[in-house]
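Only a predicted model underlies this, so the values are computations on that prediction, with no experimental measurement involved. Only heavy atoms go into these numbers, but all of them, side chains included; no hydrogens, no water, no symmetry mates. So you know, we letter chains A, B, ... as the sequences are listed, proteins then strands, and number each from 1.
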Number of protein chains: 2
Amino acid sequence: MNKFYDIYLDLKCKIEKYEYTTGSLLPSEKLLSEKYGVSRETTRKALALLLENGYIQKKQGKGSIVLDIQRFNFPVSGLTSFKELQQSQNIENETIVLKNKREKIPEFLAETLNLPTNTEAVSLVRLRKISGEVIIIDKDILLANIVDAVPSEAAEDSLYDYLEGTLGLNISYAKKVFVVESATPEDRAMMHLPEDSYVVVVKSEVYLEDTRLFQYTESRHRLDRFKFVEFARRKNSLI
Amino acid sequence: MNKFYDIYLDLKCKIEKYEYTTGSLLPSEKLLSEKYGVSRETTRKALALLLENGYIQKKQGKGSIVLDIQRFNFPVSGLTSFKELQQSQNIENETIVLKNKREKIPEFLAETLNLPTNTEAVSLVRLRKISGEVIIIDKDILLANIVDAVPSEAAEDSLYDYLEGTLGLNISYAKKVFVVESATPEDRAMMHLPEDSYVVVVKSEVYLEDTRLFQYTESRHRLDRFKFVEFARRKNSLI
DNA sequence: AAGTGGTCTAGACCACCTG
DNA sequence: AGGTGGTCTAGACCACTTC
């Protein structure tokens, strides 16, 4: 659809296939523009995407250096779902839906998100298994004014495919907080944890394109299986 | 220096001061361009920064919606240092340098980073105190071919100020991995942890603008004081 | 239909790096 | 000096939203 995006995909693909070798320079912006038959600004938009996603490093006066993909190949950043995450790693996994019902939002949520206490929502609890073991408990609360109900197949398969594909929601951004908390009796039972154990909890508030909050999620992870990888660029300290 | 950056700062400032109220629309790109006396593309670069940092949400055909800053005010993402982090939160803190000496890099590092086993580096160990309690142990390994030595004042104050300011290094990007590990005897002693306890470990490989690896860091955090906040945008699923 | 943001262009000038 | 990326422009056309 977009020229710059197609160029991005083409270059990304070639870098992944090592057609452009690690440490070498991409062709100059001028050359790329001629090759793809676009203006330089369009080429630059494609390069900006490569930069942002850790494929290249640009240097003024020199060029665009190709980075080692191996080293940054699984950024779990962004708003990646469990489904996408597992697919990208080819691991056998299973989801068990423990709860899927409509009810009022819990009080702590009404407070932290400044919502009326009688707000209705779809409340989901799902166990995430990898190789037969429960590693994550996902607790989702989807505001009912946006999501009326979730078919159980969607909850088992991919919630986001349903929300974005079937319902046509434009999920746009989120605030995530990572903390470590004491395991609840439920955590201990479901993940077979001993007394006095802890879980990593990733709490997310998820917003739509029109800035409406529509989902609150707690992803409760077994400590020993938790891993979060991020590619980060140094922000200008003035920002 | 850059027009688009100045415009970004101006708009950011006004949003933070609620001169543009939450939920309202910014002036159109056309209007902003006229107001600042720049082309529309320049205005759009400023807006792209606001978007990326969670200040606005754009909608085609509609405009740029101002988001609630309160809700996203402390993104600890990017490559933020302990110093910057504490300053931004006005917390009394102290750094104790336990070790600052030149030596060969440890073997596990030589393996994972594919470096010769006799690579020389400056090895730092620092305790980070907040309100008198040790909350973080920072272990830094700075490759000696880039950083010859670190003055102890720099280690106590801000390592990054020294590296970027005094040495003029251009720190550019990093790969970070968050995991939870069993506390070592050293962790337990320094942070007064019981037997069988855990710490959150943030492992970073930090690279310069010319793509040279120059630093490996392990930031070992007390579980109960660890918190990581992130503003994340949904990546196009095609990426 | 009018206004908004999204994409793209062709060209300009500047800052930086390398011979 | 010549090539590279960084910034900026003035204008064009398109897609989407709202009236």
Asks: Quick one, give me the B/S/- string for nucleotides 2-11 of chain C, reading 5' to 3', where B means a protein heavy atom under 4.0 Å from the base and S means that only happens at the primed atoms, P, OP1 or OP2.
Replies: -BBBBBBBB-
Asks: For the residue pair Phe228(B) and Phe226(B), categorise the inter-ring angle as parallel (less than 30°), tilted (30 to 60°) or perpendicular (more than 60°).
Replies: parallel
Asks: Within this structure, what is the CG-to-C1' distance between Asp210(B) and dT18(C), rounded to whole angstrom?
Replies: 15 Å
Asks: Hey, do the aromatic rings of Phe214(A) and Tyr207(A) have their centres closer than 6.0 Å?
Replies: no
Asks: Is there a donor in the side chain of Ser204(A) and an acceptor in the side chain of Thr217(A), or the other way round, less than 3.5 Å apart?
Replies: no
Asks: Fit a plane to each ring of Tyr55(B) and Tyr8(B), take the angle between them on a 0 to 90° scale, and name the class: parallel (under 30°), tilted (30 to 60°) or perpendicular (over 60°).
Replies: perpendicular
Asks: With a 6.0 Å cut-off (strictly less than), is the heavy-atom count around CD of Glu19(A), excluding the residue itself, greater than 12?
Replies: yes
